[in-house]
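Note sheet for the following structure.
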2 protein chains.
Amino acid sequence: MYSVCVSTPERLIEATRELLWERGYVGTSPKAILQRAGAGQGSMYHHFTGKPELALAAIRRTAEEIRATAEAVLGGPGSPYERVEAYLRRERDVLRGCPVGRLTMDPDVVASDELRAPVDETLDWLRERLAAVVEEGRERGEFAPGLDGEEIAATIVATVQGGYVLARASGSTAAFDTGVRGLLSLLAPRSPAGDCPTPTKA
Amino acid sequence: MYSVCVSTPERLIEATRELLWERGYVGTSPKAILQRAGAGQGSMYHHFTGKPELALAAIRRTAEEIRATAEAVLGGPGSPYERVEAYLRRERDVLRGCPVGRLTMDPDVVASDELRAPVDETLDWLRERLAAVVEEGRERGEFAPGLDGEEIAATIVATVQGGYVLARASGSTAAFDTGVRGLLSLLAPRSPAGDCPTPTKA
DNA sequence: GTCTATACCTAGATAGAC
DNA sequence: GTCTATCTAGGTATAGAC
């Protein structure tokens, strides 16, 4: 209940954001939204044309929040590798999953260009942002020269999104962390000497 | 419609498998299952106690299928790296997503230990299987000696599961392939000489 | 075993009073 | 703006005929 000094449309949007995160679009009913927002039917249909429009407002806000959170880390201090590591290791509600990524498993969201757009834009922005950081690191010699920024960026975002899947399947955050550690070990800058592996014949 | 020489329970399970893949558990109604299976209400409740039991049968079968498909590649011919690559590059219905992984975004599946169990077991088995292959490759010197099999396995599975998310968000398989290429470039065996990067100071 | 009929609840939206 | 009917359709399950 967001009953303190918050407008009704605001409470509706926040309630929708929570429910979309918890139950997805098909699993969220107007009735559940109204109960959580402490509003009646009339209010909702006065401010919004229906469930899709309300969901769109909620998704857009969540998308914006995710960008801001990511930018705070990726545009922060530290070397490119450190910023990627900070992004991967930053605190997350792992078992709740990604409030934007999870919508891609929602048939009604994917079927609607309007609802899918903010999801697509967010993940696309994130990939581009990470690609720039990786390219910067590669130019500095922090990453192997053969790596491609866009490819590595896609791998990073996928590892996070897939980490949520593993964690929710097992009911534990461990698998998420394990996957992230694996990726970081693959990305880790080569130390000055001695660990360039001696290749053996195939 | 699976009307040719197939028992009714069989048709019900197959219809449920399809619908769970397309629409998830909360998005799949008994009515839709019956229509696709070409059966009536009575048939379904004669053979199954209800939607959860039918879904469980469907999920178990899909899980078994996934294991068999993965084992065919991971237990096949080729070096460990080649088998991992074959797993990552094998043909997939990328835009349909993973029929097992997607269930982790379903609130009713995650809330039920019974329904979640086969999902968890499948992804867990896959990680262990991949970990063994990676360990084998590391012992052969195909992968860097510092890598951890279980970590890399989690990264591989997460990249695939997350690749589905990226693909479905954009409505294109490109992002999946890009993420896989990035991961393969990170995993690639070091070539005999010349590309051990000259490290620069941090 | 399979069908139809029936039941009750919820989803999603509209109408009109206040 | 918000509320309480009201409405039609669908979700989920049971009962009982065939």
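Order of the sequence lines fixes the chain letters, A, B, ..., with proteins taken first and strands second; residue numbering starts at 1 for each chain. Only a predicted model underlies this, so the values are computations on that prediction, with no experimental measurement involved. These values consider heavy atoms only, across backbone and side chains, with no hydrogens, waters or symmetry-generated copies.
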The salt bridge (Lys or Arg N to Asp or Glu O under 4.0 Å) partners of A:Glu121 (sequence neighbours excluded) come to none

Run the side chain to side chain donor-acceptor pair (under 3.5 Å) test against B:Arg60 and tell me which residues pass, sequence neighbours left out.
none

Readout for nucleotides 9-15 of chain D: B = base within 4.0 Å of protein heavy atom, S = sugar-phosphate only, - = neither; 5' to 3' it is --SSBB-

Under the side chain to side chain donor-acceptor pair (under 3.5 Å) test, which residues partner A:Thr159, sequence neighbours left out?
B:Thr159

Atom pairs and distances, donor-acceptor, side-chain atoms in residues 181-188 of chain B, under 3.5 Å, two or more places apart:
from	atom 1	to	atom 2	distance (Å)
B:Arg181	NE	A:Glu151	OE2	3.0
B:Ser185	OG	B:Gly182	O	2.7

Anything under 4.0 Å to a heavy atom of chain A counts; send over the first and last such nucleotide of DNA chain C, read 5' to 3'.
C:dA11 to C:dT14

Keeping to residues at least two apart or across chains, list the ring pair (Phe, Tyr, Trp, His ring centres under 6.0 Å) pairs with something in residues 87-114 of chain A.
none

Is there any salt bridge (Lys or Arg N to Asp or Glu O under 4.0 Å) pair reaching into residues 90-101 of chain B, and which pairs are they, with sequence neighbours excluded?
B:Asp93-B:Arg96

Residue list, salt bridge (Lys or Arg N to Asp or Glu O under 4.0 Å) with A:Glu82, at least two apart or on another chain:
none

